[in-house]
Amino acid sequence: GAVVSQHPSRVICKSGTSVKIECRSLDFQATTMFWYRQFPKQSLMLMATSNEGSKATYEQGVEKDKFLINHASLTLSTLTVTSAHPEDSSFYICSAYDPTGGDYGYTFGSGTRLTVV
Amino acid sequence: GESVGLHLPTLSVQEGDNSIINCAYSNSASDYFIWYKQESGKGPQFIIDIRSNMDKRQGQRVTVLLNKTVKHLSLQIAATQPGDSAVYFCAETTGGGNKLTFGTGTQLKVEL
């Protein structure tokens with residue numbers, strides 16, 4: 001089945017630095033990728049939708065200059081958290097959509113736990 | 001889905017009992033719905049899905065019911081096992097690669 005690899009699984013960074021998270025579709029081409037953020041004991045909140053070769057569409061309230069998304073190929077999307085602060089500490093999850101996957105084409109990565117100290 | 005940002009409600013069931021997890025969705029234009037299971041520290045895992053032209057779909061030990069009139073979904077788990085302990089989310093979409101919106105989620109705890 002479709003597999004999405006997300007890396008790193010866990011990262012600790014200092015306040016003010018930037019962190020890049022990668023999301024790769026391993027055995028399919030993803031026309032669309034999604035980035036979610038999840039705080040403890042809460043639901044997944046969509047941050048942005050990215051389509052290969054075009055600018056990402058951010059959800060209301062998400063700072064596009066802080067959360068940089070690049071979808072340079074059909075198998076790779078990256079999320080860069082710039083100038084990270086402790087309040088950015090969260091669980092970040094990507095999802096990739098496989099247009100050949102029929103109704104169910106959404107595959108999720110295993111998530112990245114970001115801790116900003 | 002329901003209002004996000006709220007803390008998870010909890011459902012506790014005895015092992016072997018049936019579990020029913022409910023979800024209210026918000027977008028009347030949504031035509032595809034998915035139930036996910038999420039274990040601690042992991043990404044969501046697909047359980048079962050249903051399209052808006054159906055009102056019931058069954059899988060192995062799981063059944064999803066859809067009531068479009070009141071915009072309500074439920075997930076029924078038969079003979080609940082300890083391995084079913086997790087957080088369960090419903091998600092809605094208009095399909096075709098459009099965004100998935102997640103509901104609040106329910107923490108299922110299975111007691112021995």
Side-chain angles (χ1 to χ4, degrees), chain A residues 1-7 9-10 21 23 28-52 56-62 74 90-115, chain B residues 1-10 21 23-27 30-54 57 59 64 66 73 86-109:
Chain A
V3 177
V4 170
S5 173
Q6 188 172 341
H7 180 80
S9 58
R10 190 177 291 268
I21 302 169
C23 181
F28 65 97
Q29 293 186 324
T31 53
T32 307
M33 288 189 173
F34 305 90
W35 287 95
Y36 293 84
R37 179 169 53 183
Q38 185 178 31
F39 292 108
K41 304 293 186 185
Q42 293 188 20
S43 186
L44 283 75
M45 295 285 291
L46 180 66
M47 300 174 67
T49 301
S50 73
N51 293 292
E52 184 266 339
T57 302
Y58 290 82
E59 295 297 301
Q60 191 172 11
V62 178
L74 286 171
S90 188
F91 193 54
Y92 292 86
I93 307 169
C94 71
S95 174
Y97 180 72
D98 177 5
T100 66
D103 282 341
Y104 183 69
Y106 302 89
T107 303
F108 284 82
S110 54
T112 297
R113 173 75 60 195
L114 171 63
T115 303
Chain B
E2 296 178 17
S3 299
V4 295
L6 299 177
H7 286 238
L8 298 171
T10 299
I21 299 171
C23 176
Y25 66 92
S26 57
N27 187 357
S30 292
D31 65 0
Y32 181 56
F33 305 88
I34 308 168
W35 278 100
Y36 288 95
K37 174 185 180 182
Q38 187 182 30
E39 296 175 311
S40 182
K42 297 183 179 179
Q45 175 188 355
F46 173 89
I47 301 174
I48 191 168
D49 58 357
I50 189 168
R51 297 202 69 176
S52 60
N53 60 354
M54 304 172 69
R57 191 165 188 217
V64 54
L66 174 63
L73 276 168
V87 178
Y88 290 81
F89 295 97
C90 69
E92 61 181 296
T93 180
T94 52
N98 292 327
K99 64 183 181 182
L100 275 174
T101 300
F102 282 77
T104 305
T106 298
Q107 172 84 57
L108 176 65
K109 292 186 177 180

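Sequence lines set the chain letters: A, B, ... in the order given, protein chains first and strands last, and positions in each chain run from 1.
- Neither the backbone nor the side chain of A/Gln6 comes within contact range of chain B; no heavy atom of the residue lies under 4.5 Å from a heavy atom of that chain.
- Neither the backbone nor the side chain of A/Phe39 comes within contact range of chain B, judged by heavy atoms closer than 4.5 Å.
- Here the two rings, on A/Phe108 and B/Phe46, have centers that are 6.0 Å apart or farther.
- The shortest heavy-atom contact between A/Phe28 and A/Val3 is CE2-O, 3.7 Å.
- Between B/Phe89 and B/Leu8, the shortest heavy-atom contact is CE2-CD2, 4.4 Å.
- Aromatic rings of A/Tyr36 and A/Phe91 (six-membered ring for Trp) have centroids beyond the 6.0 Å cut-off, not under it.
- In this structure, chain A has no heavy atom under 4.5 Å from any part of B/Ser40.
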